[in-house]
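Notes follow once the structure below has been shown.
This is a predicted model, so every value here is computed, not measured. Letters A, B, ... are given to chains in the order of the sequence lines, protein chains preceding strands, and every chain is numbered from 1.
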2 protein chains.
Amino acid sequence: MQSKPTEAELEILQVLWENGPSSVRFVNEQLGERKEVGYTTTLKLMQIMYEKGLVSRNTDARSHIYEAAIERDATQRNLLGTFVDNVFSGSAMNLVMQALGNHKASKDELDQIKALIEKIEKEG
Amino acid sequence: MQSKPTEAELEILQVLWENGPSSVRFVNEQLGERKEVGYTTTLKLMQIMYEKGLVSRNTDARSHIYEAAIERDATQRNLLGTFVDNVFSGSAMNLVMQALGNHKASKDELDQIKALIEKIEKEG
DNA sequence: ATTTTTCTACGAATTTTTTCGTATAAAATT
DNA sequence: AATTTTATACGAAAAAATTCGTAGAAAAAT
């Protein structure tokens, strides 16, 4: 069972998931676009994440290259489960309704969802 | 702008939202069904929540009665927004797909969602 | 009337998460 | 070759969140 990443750790994982294996410097720059954050802060976090097994790293070069060690999908699924419990009393449907209601979805996205629903209905 | 409740605070809000105005004792008992938690811990949390304006309270009787001071819907919407950003890089649709894919929805629920989609499509 | 139980208030200890300073070494620049 | 830049490691401070002990008053039970 893998430990649940904190919010700051999650931001780093996003960068790694979206950009693949990266140096601390790169990750720090990506984060920096949204809010200023010290280099050693990011470094320390990534070292902690390494100890926790959230990332792996290659230390061949002087500048170590970090890589996400947990899958995006699985992590999202885990966190979503916890979130649904915490915020929506376990009702995923309420969450879906809320999400659909709030965010304007494009026709394409709505079609995707409809397709998914049909698929579920057939299987069910 | 209301402050974002922490996880422990959220658990308490759930109890208040679902049961209406309640005493500390009652809230503590409800929480206790899921995991043991000391009475004064719950008390302290609720006092902090009062200071933050997350709950209001009636102190007429010796046993104070607390009530959620923020709306469930609005709170869920706020938290959902943050969550989508943190975990799904801002893509609410990805979240919906994930939620739909994982949790088996009943036919009724699926119908509800379809209805909602149609409504959105018409308005759009 | 005493004792026990049930409250709140308050302060502080603990734990978790985040941030950063300093030391040191390697690499790049001048 | 000397200086400046760029890395990591490490420890610890700071901030945020959680937990709990103790005191004292009110209410309930004996």
Side-chain angles (χ1 to χ4, degrees), chain A residues 1-16 21-67 70 75 79 82-83 86-87, chain B residues 1-16 21-67 75 79 82-83 85-87:
Chain A
M1 190 83 252
Q2 128 223 324
S3 81
K4 178 184 168 188
T6 68
E7 219 164 287
E9 289 171 345
L10 214 42
E11 290 179 23
I12 290 172
L13 283 172
Q14 302 279 12
V15 174
L16 295 178
S22 312
S23 67
V24 174
R25 169 109 357 235
F26 177 79
V27 170
N28 185 245
E29 273 161 11
Q30 296 296 308
L31 297 180
E33 286 178 7
R34 310 206 293 110
K35 61 161 183 183
E36 214 40 60
V37 69
Y39 176 81
T40 49
T41 300
T42 303
L43 170 64
K44 181 63 166 184
L45 270 173
M46 291 174 76
Q47 286 170 340
I48 291 170
M49 291 168 77
Y50 172 69
E51 281 160 19
K52 290 188 188 172
L54 295 175
V55 299
S56 61
R57 69 180 176 184
N58 180 318
T59 58
D60 288 351
R62 185 164 79 109
S63 169
H64 300 175
I65 300 300
Y66 288 77
E67 182 171 5
I70 59 179
T75 305
L79 292 174
T82 307
F83 182 75
N86 284 345
V87 180
Chain B
M1 190 83 248
Q2 128 222 323
S3 83
K4 178 182 167 188
T6 68
E7 219 163 288
E9 289 171 343
L10 215 41
E11 289 179 21
I12 290 172
L13 283 172
Q14 302 278 12
V15 174
L16 295 178
S22 312
S23 67
V24 174
R25 168 105 3 232
F26 177 78
V27 170
N28 185 245
E29 273 162 10
Q30 296 296 307
L31 297 180
E33 287 178 6
R34 308 207 293 111
K35 62 161 181 180
E36 214 40 59
V37 69
Y39 176 81
T40 51
T41 300
T42 303
L43 171 64
K44 180 63 166 186
L45 270 172
M46 292 175 75
Q47 287 170 342
I48 290 171
M49 292 170 77
Y50 172 69
E51 282 160 20
K52 290 189 187 172
L54 295 175
V55 297
S56 62
R57 69 180 177 185
N58 181 318
T59 59
D60 288 351
R62 186 162 82 107
S63 169
H64 300 175
I65 301 300
Y66 288 76
E67 181 171 5
T75 305
L79 293 173
T82 307
F83 183 75
D85 283 349
N86 284 345
V87 181

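- Within the structure, every side-chain polar atom (N or O) of A/Thr59 is placed at least 4.0 Å from both OP1 and OP2 of D/dT8.
- When each of B/Glu36 and A/Arg25 is assigned the nucleotide of DNA chain D bearing its nearest heavy atom, the one mapping closer to the 5' terminus is A/Arg25.
- As judged by a 4.0 angstrom heavy-atom cut-off over every strand, B/Thr40 is placed among the base-contacting residues.
- Taking the side chain of B/Arg62 as heavy atoms from C-beta on, and the options C/dT6, C/dT19, C/dT8, the nearest nucleotide is C/dT6.
- If you take CG of B/Asn86 and P of C/dT18, they are 10 Å apart, rounded to a whole angstrom.
- Nearest nucleotide to the A/His64 side chain, out of C/dA9, D/dT18, D/dT8: D/dT8.
- Taking only side-chain atoms of A/Lys44, from C-beta outward, the nucleotide of C/dT6, C/dT19, D/dT19 with the closest atom is C/dT19.
- At a threshold of 4.0 angstrom between heavy atoms, the contacts of B/Thr41 include nucleobase atoms, whether or not backbone atoms are also involved.
- Considering CD of A/Glu9 and CG of A/Leu54, their distance stands at 5.5 Å, rounded to 0.5 Å.
- Side-chain atoms of B/Asn28 do not come within 3.5 Å of backbone N or O of B/Leu43 as any donor-acceptor pair.
- Residue contacts for A/Ser63: at a heavy-atom cut-off of 4.0 Å it reaches the sugar-phosphate backbone alone, with no base atom in range.
- Rounded to whole Å, atom P of C/dA12 lies 16 Å from atom CD of B/Gln47.
- The CD atom of B/Glu51 sits 11 Å away from the P atom of C/dG11 (whole-angstrom rounding).
- Among the nucleotides D/dT8, C/dT18, C/dC10, the one closest to any side-chain atom of A/Tyr39 is D/dT8.
- Between the CG atom of A/Leu45 and the C1' atom of D/dT8 there is a distance of 15 Å, rounded to whole Å.
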